[in-house]
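Each remark here refers to the structure printed beneath this line.
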Amino acid sequence: MEEMEKVAREFFMLPLEEKEKYPMEPGGIQGYGHAFVFSDDQKLDWCNMLALGVEPAFIRRPNLWPTTPANFSETLEKYSVRIRELCLRLLEHIAAALRLAPGRFNGMFGEAVQAVRMNFYPPCPRPELVLGLSPHSDGSAVTVLQQDTAFAGLQVLRDGAWVAVQPIRHALVVNVGDTLEVLTNGRYKSVEHRAVASGEHDRLSVVTFYAPAYDVELGPLPEFVADGEPCRYRRYNHGEYSRHYVTSRLQGKKTLEFAKI
Ligand SMILES: O=C(O)CCC(=O)C(=O)O
Ligand SMILES: [Fe+2]
C-alpha cells in the first residue's frame, strides 16, 4: 500500500507536460485528466485523475501506464493482484452474511473487470466553492479505496447527512457498488459518497473497482425475489450499464435508475 501511494504521488508530482503524455481522451475513461466532463460550461471537480483498466488483459491500454516513476507499472501490477484477492474474499463473506450458498458470486461476473482510479486533490484556495469529487455511487460490485491520512476528504451520505470517513493508517475502505445493490434486490445499498477539497492539504486516493465483465447480464438473484417480494431492478447487460454510467454526469445515485423497475 505504501509503495502504491508513493508511486502514485510521484506521478502526480510530475510536470504537467509529462502527465499529459497519458491523456484521457474527451469521453474516454482511461488515462490522466478529468472524467465525467460533458460540456464546456460544466463546473469541474477539484481533482486530477489517472484511470487505468487492469484486468482482464484486453482492457489494458499499456500506452497510458506511466513509465515514470520507473516502478509504477510493476507496483500497480503487484498491488492489483492483492486487491483482487481481497475482492474475491469480500464477496465470499458477503455471500455468507446474506446466507447465500458458499461461493454464490463465483463465476457470476464472468471475466471480472478490475480498474483503478487514482485521484489527486490539490489544496484548494476556495474549498467551500467546489467539490473534490461530486456525489455518486460506484458502478462496481465492490470498491476498495486507499486514502492518505492528512485530511478526511471522503464523505458518505447517511440518513441524509454527509459523514466524513476518518482515514486510518493502513486501512482500506470498502464501498458497496451498484451491482451488489441490484443482485441483492436492494438488501445491500450502494453507498452514495463524495470527496471534499481542503484549503491546506493535498490528498491522494487510490481506488479499485471490481465489476462484472461487460458481456454479463444480471438482475436480482432469485433468492431475493422469492416469497412474493417485488423485483426492484430489471435484468440488464452490465456493458450497457457501464456505458450509461460513464456517459452520465456524477449525480448521486441517479445512474442506478437505469436498472430500477
Ligand atoms: O477520493 C475519494 O475518497 C473518493 C474517490 C471515489 O469515490 C472514486 O474514485 O470513485
Ligand atoms: Fe466513488
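All ligand and atom numbering here is 1-based and tracks the order in the structure.
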Problem set entry | Near ligand 1, at a heavy-atom separation below 4.0 Å: residues by chain and residue number | Arg117, Asn119, Tyr121, Leu133, His136, Asp138, Leu145, Leu154, His193, Arg203, Ser205, Val207, Phe209
Exercise. Is it true that the side chains of Tyr22 and Thr67 contain a donor and an acceptor less than 3.5 Å apart?
Worked result: yes
Exercise. So which protein N/O/S atoms does the Fe ion (ligand 2) have within less than 2.8 Å?
Worked result: His136 NE2, Asp138 OD1, His193 NE2
Exercise. For Asp178, what residues pass the side-chain hydrogen bond (donor to acceptor under 3.5 Å, both in side chains) criterion, not counting sequence neighbours?
Worked result: Ser137, Ser190, Tyr241
For this session: Could you walk me through whether Tyr214 and Glu111 pass the side-chain contact (heavy atoms from CB on, under 4.5 Å) test, one step at a time?
Result: CA-CA 9 Å; Tyr214 298 125; Glu111 264 197 288; over 6 Å; no
Problem set entry | Proximity of Tyr121 and Phe151 rings by center, below 6.0 Å | no
For this session: Given side-chain contact (heavy atoms from CB on, under 4.5 Å), test Asn175 with Val207 step by step and report yes or no.
Result: CA-CA 10 Å; Asn175 282 338; Val207 185; over 6 Å; no
Exercise. Side chains of Gln114 and Arg84: donor-acceptor distance under 3.5 Å anywhere?
Worked result: yes
For this session: Using a cut-off of 6.0 Å, state whether more than 12 heavy atoms not belonging to Lys254 lie near its atom NZ.
Result: no
Problem set entry | Residue list, side chain to side chain contact (heavy atoms under 4.5 Å, CB included) with Pro15, at least two apart or on another chain | Glu17, Glu18
Problem set entry | Pair Gln146-Ile83, side-chain contact (heavy atoms from CB on, under 4.5 Å): steps then yes or no | CA-CA 11 Å; Gln146 157 175 354; Ile83 298 288; 5.8 Å; no
